Amino acid sequence: MKKLYSPKNLTQLDWLKSAELIEIFDILLKNGGKAFCVGGCVRDSILGQPITDIDIATDLRPQKVKELFESADFKVLSKAMKYGTVTILSDNGIFQITTFRADIETYGRHAKVRFSKSIREDAKRRDFTINSIYLDQKGKIFDPQNGLIDLKEKKVKFIGNAQDRIKEDYLRIIRFLR
């Protein structure tokens with residue numbers, strides 16, 4: 001993988017060392033998958049802000065993720081499996097594990113997706129560059145959309161054409177303003 005950095009400016013990595021997150025990573029990795037934290041938890045760590053939720057991206061298919069975590073006695077919600085997301089409920093929080101994907105068609109808040117093995121393809125479908133920064137279990141960053149630069153420069157930039165990204169999901173306007 002290209003653009004793999006050691007995060008010198010990550011000040012809050014305690015959440016990455018939680019027993020539950022380590023167990024989740026172990027389950028995914030020991031079963032042949034790749035696994036990265038992505039989105040707000042990574043962005044907020046870089047900014048030194050509290051982590052409120054943890055999203056994990058993987059190359060394992062949703063059905064496989066569901067089976068792995070059910071057999072490990074996690075409480076699993078599979079309502080959004082057709083979009084690639086399996087939700088894991090634990091005593092200490094909620095973890096959303098989503099298969100790398102590409103949007104084929106979008107319908108406002110929903111999309112027809114194609115699952116992928118490519119983290120780069122997954123990054124292209126995200127909303128902003130600052131939300132497409134991936135962090136592995138060891139604290140190394142993969143930044144295919146140059147979100148670290150935008151964070152440093154305090155810029156919020158859409159990935160790709162902003163008008164197209166807003167048409168895909170109108171709530172991105174609110175997220176942009178937030």
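Keep in mind the model is a prediction, meaning the values are calculated, not measured.
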For the hydrophobic clusters of this structure (ILVMFWY residues joined by side-chain heavy atoms under 4.5 Å, transitively), does one cluster hold both Ile141 and Ile159?
-> no
Same apolar cluster (I L V M F W Y, side chains within < 4.5 Å links), Val65/Phe74 = yes
For Pro62 and Val86 the tightest heavy-atom approach is O-CG2, 3.5 Å
Residues Ser116, Asp122; criterion side chain to side chain contact (heavy atoms under 4.5 Å, CB included); working and verdict | CA-CA 7 Å; Ser116 171; Asp122 188 68; over 6 Å; no
Can you see which heavy atom on Val38 is nearest to which on Ala57, and at what distance?
-> CG1-CB, 4.1 Å
Tell me whether the centres of the aromatic rings in Phe158 and Phe128 are closer together than 6.0 Å.
-> yes
Do the side chains of Arg101 and Arg125 get nearer than 4.5 Å, heavy atoms only?
-> yes
Side-chain contact, heavy-atom cut-off 4.5 Å: Pro144 with Phe142?
-> yes
Considering all heavy atoms of both residues, which atom of Asp26 and which atom of Gln137 are nearest to each other, and what is their separation?
-> OD1-NE2, 3.6 Å
Ile97 pairs by side-chain contact (heavy atoms from CB on, under 4.5 Å) with which of Ile24, Asp55, Thr85?
-> Ile24
Tell me whether Ile51 is reachable from Phe25 by hopping between hydrophobic residues (I, L, V, M, F, W, Y) whose side-chain heavy atoms are closer than 4.5 Å.
-> yes
Distance in Å, Glu20 CD paired with Ile54 CD1, rounded so as to fall on 0.5 Å steps = 9.0 Å
Any sub-3.5 Å donor-acceptor pair from Ser118's side-chain atoms to Glu121's backbone N or O?
-> yes
Euclidean distance, Leu28 CG relative to Lys64 NZ, rounded to 0.5 Å | 10.5 Å
More than 12 non-hydrogen atoms from neighbouring residues, nucleotides or ligands closer than 6.0 Å to CD on Glu153, yes or no?
-> yes
Side-chain heavy atoms of Leu21 within contact of Cys37, under 4.5 Å | yes
Transitively linked via ILVMFWY side-chain contacts under 4.5 Å: Ile94 with Ile88?
-> no
Minimum heavy-atom distance Leu135-Leu16, with the two atoms named = CD2-CD2, 3.9 Å
How about Arg43 and Asn131: do any of their side-chain heavy atoms sit closer than 4.5 Å?
-> yes
Do Val76 and Phe95 share a hydrophobic cluster, counting only Ile, Leu, Val, Met, Phe, Trp and Tyr and linking them when any side-chain heavy atoms are less than 4.5 Å apart?
-> yes
Lys75 with Glu70: basic N within carboxylate O range, under 4.0 Å | no
Rounded to the nearest 0.5 Å, what separation is found between the CZ atom of Phe115 and the OG1 atom of Thr58?
-> 12.0 Å
Determine the interplanar angle of the Tyr134 and Phe100 rings, folded into 0 to 90°, and report it as parallel if under 30°, tilted if 30 to 60°, perpendicular if over 60°.
-> perpendicular
With rounding to the nearest 0.5 Å, note down the distance linking CG in Asp44 to CD in Gln49.
-> 5.0 Å
Any side-chain heavy atom of Ile46 sitting closer than 4.5 Å to one from Ile133?
-> yes
Determine whether the side chains of Asn146 and Thr129 contain a donor N or O and an acceptor N or O closer than 3.5 Å.
-> no
Under 4.5 Å between any side-chain heavy atoms of Lys79 and Thr87, yes or no?
-> no
Of all heavy-atom pairs between Ser45 and Trp15, which one has the smallest distance, and what is that distance?
-> OG-NE1, 2.6 Å
Passes side chain to side chain contact (heavy atoms under 4.5 Å, CB included), Ile119 versus Lys34? Steps please.
-> CA-CA 9 Å; Ile119 194 172; Lys34 296 175 185 171; over 6 Å; no
Which pair of non-hydrogen atoms, one from Lys124 and one from Gln145, has the smallest distance, and what is that distance?
-> CG-NE2, 3.7 Å
About how many Å separate CZ of Phe69 and OG of Ser90, when rounded to the nearest 0.5 Å?
-> 11.0 Å
